[in-house]
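First up is the structure itself, then whatever we jot down about it.
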Protein chains: 2
Amino acid sequence: MAGRRPTVYDVARQAGVSIATVSFAFRRPAEVRAETREAVLRAAQEIGYVPSASARGLAQRRTGALGLHSFEYLLDRPQGLTEGAVPLQVADLDLDQDVVSWDQLGPGAVSGPAAFPLYVDEVQRGFELEARRHGRPVLVGRSAESGGDVTETAGRVDGLAIFPGRAAERLVREVRLHMPVVVFGSPPDDDPHHHVLADNRGGARELVRHLVTVHGLSDLAFVGSQAPWDLRERFFGMRGELEALGLPAPDEVCDDTDLVDGATFDGVRALVTSGRLPHALVCGSDQVALAVLELLAREGVRVPEDIAVTGFDGILAGRLGAVPLTTVAQPMEAMGRVAVHLLMGAGDEGGRVVRLGTRLQVRRSCGCSRPPTS
Amino acid sequence: MAGRRPTVYDVARQAGVSIATVSFAFRRPAEVRAETREAVLRAAQEIGYVPSASARGLAQRRTGALGLHSFEYLLDRPQGLTEGAVPLQVADLDLDQDVVSWDQLGPGAVSGPAAFPLYVDEVQRGFELEARRHGRPVLVGRSAESGGDVTETAGRVDGLAIFPGRAAERLVREVRLHMPVVVFGSPPDDDPHHHVLADNRGGARELVRHLVTVHGLSDLAFVGSQAPWDLRERFFGMRGELEALGLPAPDEVCDDTDLVDGATFDGVRALVTSGRLPHALVCGSDQVALAVLELLAREGVRVPEDIAVTGFDGILAGRLGAVPLTTVAQPMEAMGRVAVHLLMGAGDEGGRVVRLGTRLQVRRSCGCSRPPTS
DNA sequence: TTGTACGCGTTATCAT
DNA sequence: ATGATAACGCGTACAA
């Protein structure tokens with residue numbers, strides 16, 4: 001199994017031909033005599049020859065793969081955002097036993113439904129499916145927030161899609177890659193990249209309209225950091241719709257918690273303690289909303305009876321809790337597919353901006369008892 | 001953005017040094033004078049230099065990446081197994097609009113919860129997380145059942161994990177790759193590969209014990225193709241436990257439907273039509289069980305009142321249906337992590353076999369009303 | 001149809 | 001500390 005990997009030279013020698021013939025036998029089978037081709041393929045099979053993508057990529061100046069790189073900050077949390085279970089440490093296991101029992105694995109044996117699949121994962125699925133349709137392997141790279149190793153991923157692919165994460169927007173703008181690049185959910189600047197994003201403002205407006213006109217709620221508060229561009233957009237959308245409906249709109253978010261380690265939600269806590277709850281907490285993302293739901297449950301605040309809570313994204317976890325989450329769904333799989341489509345599009349130089357529509361997903365947390373759509 | 005990718009030569013010229021110095025500046029920063037290093041890095045940044053993984057891989061004889069290849073047969077089904085919604089066709093979209101509305105995207109806008117994440121996806125997540133921990137990018141390759149392009153993936157990585165899928169077991173046994181290989185859920189043959197699998201027999205036995213001793217069910221029928229090795233193991237486990245409990249065990253499965261296009265479940269249908277239902281349908285996998293649940297619902301058979309139904313795997317979709325599925329959970333994330341661990345293990349030549357324990361997941365479909373565990 | 005020879009961009013081994 | 005140069009394995013133009 002180990003040992004040096006066989007090369008065309010080995011195959012050529014084995015088959016009694018030249019390396020060019022070996023290459024031809026693989027790349028243009030039609031242009032080589034049948035029996036030579038057979039001999040070559042058999043020789044290759046026998047010695048376990050696998051063409052080196054490195055050498056091929058070098059010769060052709062293209063790797064053939066597409067890349068997806070995400071800057072993540074909270075990964076590797078088996079049970080979800082707020083519960084801090086420790087991920088499985090494989091090195092600590094004794095793998096030589098007959099059976100490694102479930103109990104030895106601990107909570108990291110399976111990915112908790114609150115931790116997977118998140119937004120990134122669902123977009124990634126679309127990316128993988130569309131790449132497969134084009135016969136392209138996908139290289140998945142992930143790095144900690146603002147880590148510089150995008151280049152590690154970029155060096156391996158012909159085109160790259162990037163999740164800028166929470167604070168890496170600037171980094172992305174400065175990156176100057178000589179290949180097509182798609183950036184998800186970041187501001188459509190005058191950079192040379194393609195942008196794929198959801199209609200954040202439109203989605204937020206539709207959500208607010210629902211809360212106001214269907215449920216008669218008027219005092220809405222926004223929860224979520226304003227650092228990421230897309231969350232800012234959602235806040236603006238909320239304000240815009242409130243104003244359009246002739247209601248007062250808050251100037252500031254009521255809580256700018258970012259979902260880093262030990263998210264405290266001081267703003268929300270303050271509201272709860274003061275006893276002066278708004279009618280609804282409009283959260284910047286599902287992950288924020290789920291954490292807020294957990295907090296409220298601990299504090300004895302009932303949702304939706306005492307207060308409505310909404311999210312944004314449409315991740316699966318929002319359906320699973322005790323209180324199913326009303327949210328604005330993004331077309332996540334579609335976003336991944338569109339990214340691949342753009343990366344494969346040869347001619348189009350410039351940075352195209354593709355904005356995809358959202359869909360209001362009404363569930364229980366806004367006060368709807370029998371949701372029209374699941 | 002386009003144009004030739006800059007190389008070390010370009011950087012060298014720009015910085016007024018030799019290519020060796022450029023290489024050193026990146027790889028052994030300590031061994032180069034501070035100001036030259038600065039100059040080099042600045043030059044690289046300016047012209048957008050990204051090291052070519054192909055060239056590096058060629059020179060070092062290793063790519064640095066790990067691969068995960070799956071042979072799949074049913075992919076790209078946005079809404080799940082039995083409903084045949086068409087996946088999104090990106091090419092048909094007009095991406096130049098202001099906003100591409102949700103309705104134009106159709107059902108393929110998001111991955112249906114019955115289609116994602118499936119078994120493979122959850123294992124893949126563990127694989128990605130563990131690979132990230134080791135600083136390794138992951139190459140995801142997928143091919144249609146029995147497609148030969150494993151080599152496409154293998155040529156790009158230093159180690160490869162393979163899902164042999166439903167019928168590609170033989171293919172995997174014949175593959176002779178000169179790198180560490182992990183095979184998921186296939187028989188631990190005398191091949192040179194590592195094997196990572198769940199305790200299929202043990203899990204099935206625990207499940208059957210529950211059905212018999214807790215619910216008093218004695219007439220159990222197995223549903224699922226016996227082509228895949230792991231499903232055979234589960235059937236054997238069921239028979240073994242029945243015999244151990246002094247009950248008659250069926251010689252054959254009652255339905256050997258494989259989940260290919262238009263899975264018909266003739267065996268199950270026959271049972272329903274005949275009106276002589278067994279006490280329980282023990283399904284070979286969650287996906288089979290979910291399809292069976294759907295079929296029974298259409299036929300007006302109530303679960304668990306008229307018949308119990310169980311699955312195997314523990315995928316998320318099993319929790320989401322109208323009748324939450326009792327199943328045997330595999331430690332999917334852990335399996336992916338262990339695979340990476342084995343691939344990174346340098347010395348160990350031979351094929352190790354790691355068998356991970358399962359856990360009975362009791363929900364409603366077996367007749368339990370208040371499940372002890374969720 | 002098949003063989004020879006060069007280039008792809010990087011690393012690493014020498015000299016200097 | 002830095003520069004010249006030889007691999008690395010494959011594709012391909014060109015020669016035979």
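Only heavy atoms go into these numbers, but all of them, side chains included; no hydrogens, no water, no symmetry mates. The sequence lines fix the lettering, A, B, ..., with proteins before strands; numbering per chain opens at 1.
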Any residue meeting side chain to side chain donor-acceptor pair (under 3.5 Å) with Glu174(B), in chain and number order, not counting sequence neighbours: Arg170(B)
Passing option when Leu160(A) is tested against Val175(A), Val150(A), Val183(A), Leu66(A) for side chain to side chain contact (heavy atoms under 4.5 Å, CB included): Val150(A)
Terminal contacting nucleotides, 5' and 3', DNA chain D versus chain A (heavy atom, 4.0 Å): dG9(D) to dT12(D)
Inter-axis angle, terminal five-pair segments of the helix from dT1(C)-dA16(D) to dT16(C)-dA1(D) [nearest 10°]: 40°
By side chain to side chain donor-acceptor pair (under 3.5 Å) - contacts of Arg355(B) (at least two apart): none
CZ on Arg132(B) to CZ on Phe127(B), rounded to 0.5 Å: 15.0 Å
Glu333(A)/Arg337(A) salt bridge by N-O under 4.0 Å criterion: yes
From NE2 (His134(A)) to CG (Leu343(A)), nearest 0.5 Å: 10.0 Å
For Ser70(B) against Val120(B), the heavy-atom pair lying closest together: OG-CG1, 4.0 Å
Test side chain to side chain donor-acceptor pair (under 3.5 Å) applied to Asp92(B) - qualifying residues, sequence neighbours left out: none
Side chain to side chain contact (heavy atoms under 4.5 Å, CB included) evaluation trace for Arg56(B) with Arg62(B): CA-CA 8 Å; Arg56(B) 178 176 297 180; Arg62(B) 334 176 285 103; over 6 Å; no
Listed partners of Arg33(B) passing salt bridge (Lys or Arg N to Asp or Glu O under 4.0 Å), at least two apart: Glu35(B)
Interface residues of residues 26-36 of chain B with DNA chain D (non-hydrogen, below 4.0 angstrom): Val32(B), Arg33(B), Thr36(B)
Strand-adjacent residues in residues 6-19 of chain A, judged by heavy atoms under 4.0 Å from DNA chain C: Val17(A), Ser18(A), Ile19(A)
Range on DNA chain C touched by chain A - first to last nucleotide, heavy-atom distance under 4.0 Å: dT1(C) to dG9(C)
Smallest separation among heavy atoms of Ile19(A) and Tyr9(A), with atom names: CG2-CD2, 3.4 Å
Minimum heavy-atom distance Ser111(B)-Arg125(A), with the two atoms named: OG-CD, 3.0 Å
Asp190(B): side chain to side chain donor-acceptor pair (under 3.5 Å) partners, not counting sequence neighbours: none
Within residues 49-63 of chain B: residues closer than 4.0 Å to DNA chain D (heavy atoms): Leu58(B), Ala59(B), Arg61(B)
Distance-only donor-acceptor check, side chains His195(B) and Asp191(B), under 3.5 Å: yes
N-O pairing of Arg5(A) and Asp10(A) below 4.0 Å: no
Per-pair distances, 0.1 Å, donor-acceptor, side chain in residues 38-53 of chain A, under 3.5 Å, sequence neighbours excluded:
unit_1	atom_1	unit_2	atom_2	d
Glu46(A)	OE1	Gln14(A)	NE2	2.9
Ser52(A)	OG	Ser54(A)	N	3.2
Ser52(A)	OG	Ala55(A)	N	3.0

Closest contact, heavy atoms only, Phe184(B) versus Met335(B): CE2-O, 3.5 Å
